[in-house]
Amino acid sequence: IDELTQQTPLVTELDWVNFSPGSWRQLWSDEADNSPAGSPPRDLEKIFQHVTKQGRAVNFGERILSESQRVTFALEAAGTVVGNQQTTEILKAFSRNSGLISGESIETLALDILNQDFQYFTPVNAGEFPKGPIKAKSDLTLLYLDENLKIGTAPNVYSGFIELFVLEKVATVQ
């Protein structure tokens, strides 16, 4: 990461406008599973995000209920970008009683929530931060961003530890 950031200029707001909107899959992160005690664990291999040009976003993930049953959760967020800092606040939570399906359009799932169609997801009361995700705010420092790759760091809202995120642009769940 140090070598990459030394070889490329800082991410700018124009870079964000040009490259960030679209659907992303988390390739790797050193993020911890901060699930509240007693809640089903997250599958850290199944994390996706869709970002609109207006700075609205939906983050998707799965919780593992049993070996054969998963639930998809989604968090609607709004964000602003200043320089290479993306500030995001979680607004609402949603779920559906199945896991993410290979080949499913991430944008279609996101628009279901953003347009309030609710064909796939149901609004849920997930609680306000710090016991729940609603109103949690995070500042992602964008270290690298192009048409295919997004790399950034952000402090974990619960622990404060800086975590690294590497995402690739994709259209569908994989």
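Since this is a predicted model, take the numbers as computed values, not measurements.
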With sequence neighbours excluded, what pairs up with Thr172 under the side-chain hydrogen bond (donor to acceptor under 3.5 Å, both in side chains) test?
-> none
Taking Asp43 for the side chain and Ile64 for the main chain, is one N or O donor matched with an acceptor at less than 3.5 Å?
-> no
Residues that, via side-chain heavy atoms closer than 4.5 angstrom, fall in one hydrophobic cluster with Phe161 | none
Start with the C-alpha distance between Asn59 and Gln49, add both sets of side-chain angles, then the distance that settles side chain to side chain donor-acceptor pair (under 3.5 Å), and finish with yes or no.
-> CA-CA 4 Å; Asn59 298 323; Gln49 175 186 73; 3.0 Å; yes
With sequence neighbours left out, the residues meeting side-chain hydrogen bond (donor to acceptor under 3.5 Å, both in side chains) with Glu128 are none
Do you reckon Leu27 sits in the same ILVMFWY cluster as Ile151, going by side-chain contacts under 4.5 Å, direct or chained?
-> yes
From Ile106 atom CD1 to Leu111 atom CG, the distance as rounded to the nearest 0.5 Å = 12.0 Å
Measure across Ala57 and Leu114 and return the closest heavy-atom pair with its distance rounded to 0.1 Å.
-> O-CD2, 4.5 Å
Please check if Leu75 and Tyr158 belong to a single hydrophobic cluster, counting links between Ile, Leu, Val, Met, Phe, Trp and Tyr side chain heavy atoms closer than 4.5 Å.
-> no
Are any of the side-chain heavy atoms of Ile134 and Phe129 separated by less than 4.5 Å?
-> no
Any chance you could measure Ser23, atom OG, to His50, atom NE2, to the nearest 0.5 Å?
-> 5.0 Å
In the hydrophobic clustering (ILVMFWY, side-chain contacts below 4.5 Å, transitive), which residues join Leu65, or is it alone?
-> Val71
Give me the other members of the hydrophobic cluster that Phe165 sits in, counting Ile, Leu, Val, Met, Phe, Trp and Tyr linked by side-chain heavy atoms under 4.5 Å, directly or via other members.
-> Val11, Trp16, Val17, Phe19, Trp24, Val51, Val81, Leu140, Leu142, Leu145, Leu167
Can you hop from Ile90 to Val58 via hydrophobic side chains spaced under 4.5 Å?
-> no
Qualifying salt bridge (Lys or Arg N to Asp or Glu O under 4.0 Å) pairs with a residue from residues 162-174, counting only residues at least two apart or across chains = Arg25-Glu168
In a table with atom names and distances, give each donor-acceptor pair under 3.5 Å that connects a side chain of residues 92-103 to protein atoms at least two apart or in another chain.
unit_1, atom_1, unit_2, atom_2, d
Arg96, NE, Ser98, OG, 3.4
Arg96, NH1, Glu104, OE2, 2.8
Arg96, NH2, Gly99, O, 2.9
Arg96, NH2, Glu104, OE1, 2.8
Arg96, NH2, Glu104, OE2, 3.1

Flag yes if more than 12 heavy atoms outside Glu45 fall under 6.0 Å of its CD atom; otherwise flag no.
-> no
Rounded to the nearest 0.5 Å, what's the gap from NZ on Lys150 to CG on Asp15? Could you check?
-> 12.5 Å
Set of residues satisfying side-chain hydrogen bond (donor to acceptor under 3.5 Å, both in side chains) with respect to Gln116, sequence neighbours excluded | none
Test side-chain contact (heavy atoms from CB on, under 4.5 Å) on Glu13 and Val82 and set out the steps.
-> CA-CA 6 Å; Glu13 293 169 42; Val82 176; 4.1 Å; yes
Note: Thr88 and Ala77 closest approach over all heavy atoms is CG2-CB, 3.4 Å
In this structure, CD of Gln174 is separated from NZ of Lys46 (nearest 0.5 Å) by 10.0 Å
Would you sort out whether Thr12 and Asn84 count as a side-chain contact (heavy atoms from CB on, under 4.5 Å), showing the intermediate values?
-> CA-CA 5 Å; Thr12 66; Asn84 70 332; over 6 Å; no
Using the test salt bridge (charged side-chain N to carboxylate O under 4.0 Å, His left out), find all partners of Glu76 that sit at least two apart in sequence or belong to another chain.
-> Arg56
Sequence neighbours left out, what passes side-chain hydrogen bond (donor to acceptor under 3.5 Å, both in side chains) with Asp146? Give chain and number order.
-> Tyr144
Hits for side chain to side chain contact (heavy atoms under 4.5 Å, CB included) against Arg42, two or more places apart or cross-chain, chain-then-number order -> Glu31, Asp33, Ser35, Leu44, Ile47, Arg63, Phe73
How close do Ala154 and Ser138 get, heavy atom to heavy atom, and via which atoms?
-> CB-OG, 3.8 Å
Taking everything shown except Glu3 itself, do over 12 heavy atoms lie less than 6.0 Å from its CD?
-> no
Connected hydrophobic set around Leu14, excluding itself, where side chains approach under 4.5 Å | none
For the residue pair Phe60 and Tyr120, is the inter-centroid distance of their aromatic rings smaller than 6.0 Å?
-> no
For the atom pair CG (Asn18) and NZ (Lys53), what is the distance rounded to the nearest 0.5 Å?
-> 9.5 Å
